[in-house]
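Just so you know, ligand 1 is whichever comes first in the structure, and atom 1 is the first atom listed for that ligand. Predicted, not measured: the structure shown is a model, and the values here were computed from it. All residue numbers refer to positions in the sequence shown, counting from 1.
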Amino acid sequence: MSKGIFISLEGPDGAGKTTQIGYIREYFEAKGKEVLITREPGGTAISEKLREILLDKANMEMADTTEMLIYAAARAQLVAQVIKPALDQGKIVISDRFVDSSIAYQGFGRDLGDQVRIVNLSATAGLEPDLTIFIDIDPEKGRARIGKESLDRLEQEKADFHRKVYEGYKQICESCPTRIMVIDGDRTKEEVRDNITDILDTFFGGLLGSDSSK
Ligand code: TYD
């Protein structure tokens, strides 16, 4: 059984997850906790190689099922090599994306449906985040925040793909109301941060004890 805390961040491309993960790290470190940040796909040597295959614009012929399985393979390696051991050591693990991304992008975006959940049950050995923060931003607005030249294979998909992913996310959020907290991402980064801080206090304030910075 794990002793640590596992948090994932989700949202459309350009939602601002990376900035908020930095703030979440500061929140826990101020309380004297050891924090590990991982990103998906990636986070191990093997998973980073798989990330290159997934995001490479040259791989336009990739079949949807291949895509689902490579994301799951990258995740299986990350869970086994990094996330599970860190949780066993009592660390706070923050993952930039996790299974919900596959359900939204591959399950809904690519229309692969429920098999995505089943494949990922195997990839994660059933590990679920204690808390998932979904940064809610309209996909068009999110995409507009990303520099045009830097779009990867997934990001350069058409607007209707990103709309399907977004609608998928909405359904996932509705079906997991106790695990997933939805945050309005269409605000300043400080406002989003303060909202997330309140959620962290509510979820983990009791577990973490008093603030050592006081
Ligand atoms: P990410 O590195 O989070 O991109 P960014 O930091 O630019 O938001 O994710 C890369 C892309 O991979 C992103 O477009 C979402 C997609 N993705 C999936 O399609 N399925 C998955 O399971 C994951 C983890 C990501």
Side-chain angles (χ1 to χ4, degrees), residues 6-22 24 37-44 46-60 62-79 82-83 93-124 127-129 132-169 172 180 183 185 189 192:
F6 183 29
I7 300 172
S8 65
L9 272 279
E10 295 285 351
D13 296 288
K17 292 179 279 94
T18 313
T19 309
Q20 296 303 326
I21 285 173
I24 299 174
I37 294 173
T38 60
R39 71 162 179 183
E40 284 220 357
T44 71
I46 292 170
S47 312
E48 290 290 335
K49 285 186 182 164
L50 295 172
R51 177 186 179 90
E52 277 173 36
I53 298 170
L54 284 164
L55 302 185
D56 189 345
K57 275 177 269 194
N59 290 337
M60 294 313 283
M62 189 182 296
D64 293 345
T65 305
T66 310
E67 183 180 288
M68 168 188 72
L69 291 170
I70 300 179
Y71 275 111
R75 180 167 298 126
Q77 188 63 31
L78 181 68
V79 168
V82 176
I83 297 180
V93 178
I94 308 168
S95 187
D96 191 340
R97 302 191 178 280
F98 199 60
V99 172
D100 298 315
S101 280
S102 281
I103 297 181
Y105 283 79
Q106 283 68 53
F108 286 89
R110 303 291 193 211
D111 292 311
L112 290 177
D114 198 47
Q115 58 177 316
V116 179
R117 187 183 58 79
I118 293 160
V119 163
N120 276 281
L121 263 181
S122 157
T124 60
L127 178 72
E128 264 206 347
T132 297
I133 294 169
F134 174 69
I135 304 183
D136 188 357
I137 184 143
D138 183 85
E140 309 268 317
K141 276 196 184 161
R143 266 155 56 88
R145 286 178 176 179
I146 312 169
K148 278 261 155 42
E149 319 81 61
S150 65
L151 296 185
D152 63 41
R153 190 177 62 87
L154 273 286
E155 286 165 347
Q156 69 177 21
E157 278 289 336
K158 306 228 159 16
D160 66 324
F161 171 78
H162 290 283
R163 179 63 51 192
K164 272 160 69 181
V165 170
Y166 180 71
E167 298 305 334
Y169 264 132
I172 298 166
I180 308 181
I183 301 281
K189 54 181 191 289
V192 175

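Atom-to-atom distance recorded for Arg97:CZ and Tyr71:OH is 8.0 Å, nearest 0.5 angstrom.
Annotation: atom 13 (C) of ligand 1 to nearest protein heavy atom, Asp13 OD1, 3.2 Å. In terms of protein heavy-atom proximity, atom 7 (O) of ligand 1 is closest to Glu155 OE2, 2.7 Å. Looking from atom 22 (O) of ligand 1 to the surrounding protein, the closest heavy atom is Ser102 OG, 2.5 Å. Remark: minimum distance from atom 21 (C) of ligand 1 to any protein heavy atom is reached at Tyr71 CD2, 3.3 Å. Protein heavy atom at the shortest distance from atom 1 (P) of ligand 1 is Arg97 NE, 3.6 Å. Atom 10 (C) of ligand 1 has as its closest protein heavy atom Leu55 CD2, 3.9 Å. Given atom 2 (O) of ligand 1, the protein heavy atom at minimum distance is Arg51 NH2, 2.9 Å. Given atom 20 (N) of ligand 1, the protein heavy atom at minimum distance is Gln106 OE1, 2.8 Å.
Judged by a 6.0 Å distance limit and a 45° cone about the ring axis, Arg163 is not positioned over the six-membered ring of Phe108.
A donor-acceptor pair under 3.5 Å is formed between the side chain of Gln20 and the backbone N or O of Lys189.
By the 30° and 60° cut-offs, the orientation of the rings of Phe134 relative to Tyr166 is tilted. By the 30° and 60° cut-offs, the orientation of the rings of Phe98 relative to Phe6 is perpendicular.
In this structure, Asp111 and Lys164 have side chains that are in contact, with non-hydrogen atoms separated by less than 4.5 Å.
Any N or O atom pair closer than 3.5 Å counts here, and Arg75 shares at least one such pair with ligand 1.
The closest side-chain donor-acceptor pair between Ser8 and Ser95, if any, does not fall under 3.5 angstrom.
Residue Lys17 approaches ligand 1 through these ligand atoms, each under 4.0 Å from one of its heavy atoms: 3 (O), 8 (O).
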